[in-house]
Amino acid sequence: MRNTEKLKGLVAFIGIVVLFSLGGCKSSKKVGTVESGGAKAHNEFFAAMLEQEFHFNTLSARLNVDLRLPDKEMSSRVDLKMIKDSVFQLSVQPFLGIEVFRMELTVDSIKILDRMNKRYVSENYSDLKGQTPIDFNFYNLQALFTNHLFLPGQQGISPKQYNRFKLKQEGGSAEIKVKDSMGLLYTFMADGEEKLLSTYISEPSDKYALQWDYKDFRLTGDQPFPMLMDVQVMNDNLSKGGVKIRFSRIQTDVPLNMDFSIPSKYKRITFAQVLKAIGDSSK
């Protein structure tokens, strides 16, 4: 399958999470980006980067999500709950705190609850092959939402895998590149404190790409976290639409209720029907 279709599959997968978002406490202390004091050895750099990443066992946050397309703009409040390496949920509440959608992603499955139309999706990733032809998994999506470096298709990064990345340190920044097994290129940018500033996913020709920028770093506890994530779908280096995700009310390592009860009268639909509905709405 062509690399373009692989990237579109990735965008569709992430788009399900972001577009359905539309239908501890925050600290006010801002953290700036830092220029490098000097180049580090390859392994030393990645060891430092993993040490500096945002650490948590559970995470909850309030999100304000703004969608921007050429012909429409939409906004919604979303509550995020996450248990690291296990599950995360998004509760979409655009009207006075009333939930209209809920999404749950686990290591091996995806569920979507559409309260407005009394229907739901419940499918395993293994059943979606061909619909989302990507070398990308739950752990990678978790990494995007928590400002982590990742290896495509992998759960984490071990010291033995540091050589999978190409590292270029220049001036006050570092560029990190890695390809997945399907040919997509992942480019990460970091500052002088090994803090991740952006993730860029593209096909080899760079015609189509996904840009995920991390901005407005503030201290959550004693850890810097990007309170603003700016996501853009790119075509020939031009934005074709995007989403801004503003975080607030962040708490870490507190007990979370991860209930996902499906009412018995709700109709089950397929993930393919969801993809078609999103495709039709974007035309």
Side-chain angles (χ1 to χ4, degrees), residues 4 6-23 33 53-54 59 61-80 82 88-92 94 101 103 105 110 112 132 134-150 152 175-176 178 180 184-191 195-203 206-218 224-248 250 274-275 278-279 281-282:
T4 297
K6 297 167 189 172
L7 181 59
K8 286 181 178 179
L10 173 58
V11 172
F13 182 79
I14 295 175
I16 291 295
V17 177
V18 174
L19 290 178
F20 262 85
S21 298
L22 298 160
T33 58
E53 71 182 14
F54 189 77
L59 172 69
R62 169 69 49 80
L63 313 180
N64 289 311
V65 181
D66 295 310
L67 171 70
R68 305 176 310 282
L69 294 174
D71 60 345
K72 68 176 67 175
E73 293 185 2
M74 301 168 62
S75 299
S76 182
R77 190 186 90 179
V78 180
D79 284 344
L80 166 70
M82 182 182 298
F88 74 85
Q89 289 185 359
L90 295 167
S91 173
V92 183
F101 291 108
M103 171 180 284
L105 294 107
I110 180 172
I112 302 170
T132 55
I134 54 176
D135 187 14
F136 189 88
N137 61 19
F138 167 87
Y139 305 107
N140 300 161
L141 188 61
Q142 174 184 264
L144 282 174
F145 272 88
T146 55
N147 190 225
H148 285 194
L149 180 71
F150 62 89
E175 180 185 76
I176 306 154
V178 64
D180 69 14
L184 297 183
L185 177 64
Y186 295 69
T187 302
F188 306 90
M189 298 298 298
D191 70 2
K195 187 162 70 262
L196 185 64
L197 301 180
S198 68
T199 299
Y200 184 77
I201 307 172
S202 62
E203 57 167 350
D206 204 28
K207 181 176 177 63
Y208 296 99
L210 180 74
Q211 177 79 36
W212 195 297
D213 291 326
Y214 301 100
K215 304 176 180 179
D216 192 18
F217 283 84
R218 297 178 183 265
F225 187 85
M227 306 305 285
L228 176 62
M229 299 184 184
D230 192 352
V231 186
Q232 300 285 332
V233 177
M234 311 297 291
N235 185 344
D236 288 331
N237 294 316
L238 298 175
S239 174
K240 295 301 180 181
V243 176
K244 285 191 175 181
I245 305 170
R246 172 69 68 175
F247 281 70
S248 63
I250 294 180
V274 174
L275 287 177
I278 289 178
S281 68
S282 65

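The side chain to side chain donor-acceptor pair (under 3.5 Å) test applied to Ser198 returns no partner, not counting sequence neighbours. The side chain to side chain donor-acceptor pair (under 3.5 Å) check on Glu53 picks up nothing, with sequence neighbours excluded. Phe188 pairs by the ring-ring contact (aromatic ring centres under 6.0 Å, His included) definition with Phe150, not counting sequence neighbours. Partners of Thr146 according to the side-chain contact (heavy atoms from CB on, under 4.5 Å) rule, which considers only residues two or more places apart in sequence or in another chain, are Phe56, Leu59, Met82, Gln142, His148. Residues passing the side-chain contact (heavy atoms from CB on, under 4.5 Å) test with Arg62 are Arg77, Asp79, Ser248, Arg249, sequence neighbours excluded. Residues that satisfy the side-chain contact (heavy atoms from CB on, under 4.5 Å) test with Lys240, not counting sequence neighbours, are Asn235. Shown here are the side chain to side chain donor-acceptor pair (under 3.5 Å) partners of Thr187, two or more places apart in sequence or in another chain: there are none. For Asp206, the side chain to side chain donor-acceptor pair (under 3.5 Å) partners two or more places apart in sequence, or in a different chain, are Tyr200.
Between Ile250 and Ala61 the shortest heavy-atom distance is CG1-CB, 3.9 Å. Closest of all the heavy-atom pairs between Phe225 and Phe145 is CZ-O, 3.8 Å. Between Pro224 and Phe54 the shortest heavy-atom distance is O-CD1, 3.8 Å.
A salt bridge links Arg246 with Asp216: the distance from a Lys NZ or Arg NE/NH1/NH2 to an Asp or Glu carboxylate oxygen falls below 4.0 Å. Under the 4.0 Å criterion applied to side-chain N and carboxylate O atoms, Lys207 and Asp236 are assigned as salt-bridge partners.
Here the NZ atom belonging to Lys244 is positioned 5.0 Å from the CZ atom belonging to Arg68, to the nearest 0.5 angstrom. The CG atom of Leu228 sits 9.0 Å away from atom CD1 of Ile245, with the distance rounded to the nearest 0.5 Å. In this structure, CG in Leu63 is found 5.5 Å from CG in Leu80, a value given to the nearest 0.5 Å. Between Tyr214 atom OH and Leu197 atom CG the span is 10.0 Å, to the nearest 0.5 Å. Within the model, atoms CD of Gln211 and OG of Ser239 stand 10.0 Å from one another, a figure rounded to the nearest 0.5 Å. Atom CE of Met227 is separated from atom CG of Asn64 by 10.5 Å, given to the nearest 0.5 angstrom.
Using a 4.5 Å heavy-atom threshold, the side chains of Val243 and Asp66 count as separate. Between Phe88 and Leu141, the closest side-chain pair of non-hydrogen atoms falls below 4.5 Å. Residues Thr199 and Leu144 have side chains in contact (heavy-atom distance under 4.5 Å, counting atoms from C-beta outward).
One N or O on the side chain of Asn147 and one on the backbone of Leu196 form a donor-acceptor pair closer than 3.5 Å. Judged by distance alone, the side chain of Glu203 and the main-chain N or O of Tyr208 form a donor-acceptor pair under 3.5 Å.
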